[in-house]
Amino acid sequence: MSAFSRFTPLASALPSTVPFVGPEAIERQRGLHVKARIGANENGFGPAPSVLAAMREQAGEIWKYNDPENYVLREALANHLGVGIDSIAIGGGIDELLGQIVRLVIEPGAPVVTSLGGYPTFNFHVTGFGGRLVTVPYASDREDLDGLLEAVKRENAPLVYFANPDNPMGSWWDGESIVAFARALPETTMLILDEAYSETGPAGSLPSIDALIDLPNIVRTRTFSKAYGLAGARVGYVISTPATARAFDKIRNHFGMNRLATVAALAALKDQAYLAEVVANIHGARDRIAGIAKANGLLPLASATNFVAIDAGRDGTYARAIVDGLMQHGVFIRMPGVAPLNRCIRVSVGPEADMALFEEALPQVLKALG
């Protein structure tokens, strides 16, 4: 049956795709069962018991719409961060916020600068709104700040995306370098500073809130999906100047936030003791993944995130074979998708049972590949 005939020319020209193939789709397509879900950068340690208790307590209120102003959550985040409430905007995870930012800034044909091999969902939104991607290769397995700045100036780009700590490599820049980069940008260029992994990086890897809060062309995106263990709840937020944060009100879905997800985020923010515990578990699991990699002759890259990129030592074909081979054992992992980064596999942190399955399966896969 033919498609509807009056899709826009842009929509008609786009491929039907998704940025990521989920483990559920792999199970359906290959008839396999995921036993260790350590490939989607989720936090396998899960949310705090206090968060689950708050959700259960408030489940009966789900018949109500969420507050369309997200006031209580914005207030709680503002108090936590030490900014005014008007500097916070809420969205359904960073992915939704990225789409809103692109919609606010990019017209068809406008250049958008990002790293070659960087976060695919951002690229998905840029293409979906008709923007033109301008990509800068990684340098020494991390994003090239000088290259990004040069591309912005060369293209007179209205938007640049930079993740710190980085997805997909787990690398990071120090806060001072990021502030220098941000302040070197033209005032007419908006920087998306994606800080999804802000809680898991080393000290000094993030600029202070005060260092950038005065710049209207900087939007810092953060999430409850990673360290807080709420990927399925879809709660993200933006930190910027009040005028920039208010711009989201012009285009966002005001009833888009899930009421129980908001309850979960508020409870998670209150339980900083559990967050500290989980961050310690994440660091321990990163060390465990690195140790498993080294024991099998592979090279783990230093990580500031909740996953570890592992250099498999050959090319993308070999790395893909490792990913596919592990899936045959029920171990779901991923790999960066762009050469030369695709020489790596990428393993997310998880509880001991998941780490043990990875440790057991990896040498069997490598032996079979030869």
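Side chains included, hydrogens not; waters and symmetry mates left out as well; all remaining heavy atoms used.
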Does Val112 form a side-chain contact (heavy atoms from CB on, under 4.5 Å) with Ile106? I'd like the steps, not just the answer.
CA-CA 8 Å; Val112 178; Ile106 295 305; 3.4 Å; yes

Test Asp311 against Arg343 for salt bridge (Lys or Arg N to Asp or Glu O under 4.0 Å), laying out the working first.
CA-CA 6 Å; Asp311 190 337; Arg343 73 183 192 281; 2.8 Å; yes

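Here the side chain of Arg286 pairs a donor or acceptor atom with the backbone of Thr305 at under 3.5 angstrom. The closest donor-acceptor contact from the side chain of Thr8 to the backbone of Ala11 lies under 3.5 Å. Glu27 places a side-chain N or O within donor-acceptor distance of the main-chain N or O of Val34, the cut-off being under 3.5 Å. Side chain of Ser171 to main chain of Asp141: a donor-acceptor pair is present (N/O by atom type, distance under 3.5 Å, no hydrogens or angles). Checking side-chain atoms of Asn296 against main-chain N and O of Ile292 turns up a donor-acceptor pair under 3.5 Å. Between the side chain of Arg334 and the backbone N or O of Val21 there is at least one donor-acceptor pair closer than 3.5 Å. A donor-acceptor pair is defined here as one N or O able to donate and one able to accept, closer than 3.5 Å; such a pair exists between the side chain of Ser240 and the backbone of Ile218. In this structure, Ser115 contributes its side chain and Gly117 its backbone to no donor-acceptor pair below 3.5 Å. Listed for the Thr200 side chain is a donor-acceptor partner under 3.5 Å among the backbone atoms of Ala304. Using a distance-only test at 3.5 Å, with no hydrogens or angles considered, a donor-acceptor pair links the side chain of Asn164 to the main chain of Trp173.
For the pair Phe162/Ile178, a side-chain contact is recorded, criterion being any heavy-atom separation below 4.5 Å from C-beta on. Counting heavy atoms from C-beta on, the side chains of Leu212 and Val179 come closer than 4.5 Å. With contacts defined as side-chain heavy-atom distances shorter than 4.5 Å, the pair Ile88/Val238 does not qualify. Using a 4.5 Å heavy-atom threshold, the side chains of Phe332 and Met327 count as touching. Looking only at side-chain heavy atoms (C-beta outward), Tyr161 and Val102 stay at 4.5 Å or farther from each other. Residues Val349 and Ile38 have side chains not in contact (no heavy-atom distance under 4.5 Å, counting atoms from C-beta outward). Side-chain contact between Asn43 and Asn281: absent, with no pair of heavy atoms (C-beta onward) separated by less than 4.5 Å. A 4.5 Å side-chain heavy-atom check between Leu159 and Thr189 finds every atom pair outside the cut-off.
Side-chain N/O atoms of Ser50 and Asp271 include a donor and acceptor closer than 3.5 Å. No hydrogens or angles considered: nothing links the side chains of Asp144 and Tyr138 as a donor-acceptor pair under 3.5 Å. For the residue pair Arg346/Asn167, the side-chain donor-acceptor check at 3.5 Å is satisfied. Defined by atom type and a distance below 3.5 Å, a donor-acceptor pair is present between the side-chain atoms of Arg234 and Ser225. Using modelled atom types and a 3.5 Å distance limit, the side chains of Asp95 and Tyr119 yield a donor-acceptor pair. One side chain, Ser348 or Asn41, offers a donor N or O that lies under 3.5 Å from an acceptor on the other.
A salt bridge links Asp324 to Arg30: at least one charged side-chain nitrogen sits closer than 4.0 Å to a carboxylate oxygen. For the pair Glu24 and Arg28, the salt-bridge criterion is not met [side-chain N within less than 4.0 Å of a carboxylate O]. Ion pairing between Glu195 and Lys226 fails under the 4.0 Å rule for side-chain N and carboxylate O. Ion pairing of Arg288 with Glu352 is present here, as a side-chain N (NZ or NE/NH1/NH2) and a carboxylate O approach within less than 4.0 Å. Taking 4.0 Å as the cut-off between side-chain N and carboxylate O, Lys35 and Asp354 do not count as a salt-bridged pair. Under the 4.0 Å criterion applied to side-chain N and carboxylate O atoms, Arg132 and Glu155 are assigned as salt-bridge partners.
Of the options Leu97, Val160, Thr221, a side chain to side chain contact (heavy atoms under 4.5 Å, CB included) to Ile192 is made by Thr221 and by none of the others. Checked against Ile90 for a side chain to side chain contact (heavy atoms under 4.5 Å, CB included), the options Asp67, Leu73, Asn66 give a single hit: Leu73.
Heavy atoms of other residues, nucleotides or ligands lying less than 6.0 angstrom from CD of Glu176 number 12 at most.
Note: Phe129 CZ to Phe124 CZ = 10.0 Å, rounded to the nearest 0.5 Å.
Here Phe307 and Tyr197 bring their ring centres to under 6.0 angstrom of each other.
Aromatic ring orientation, Tyr228 versus Phe224: tilted (interplanar angle from 30° to 60°).
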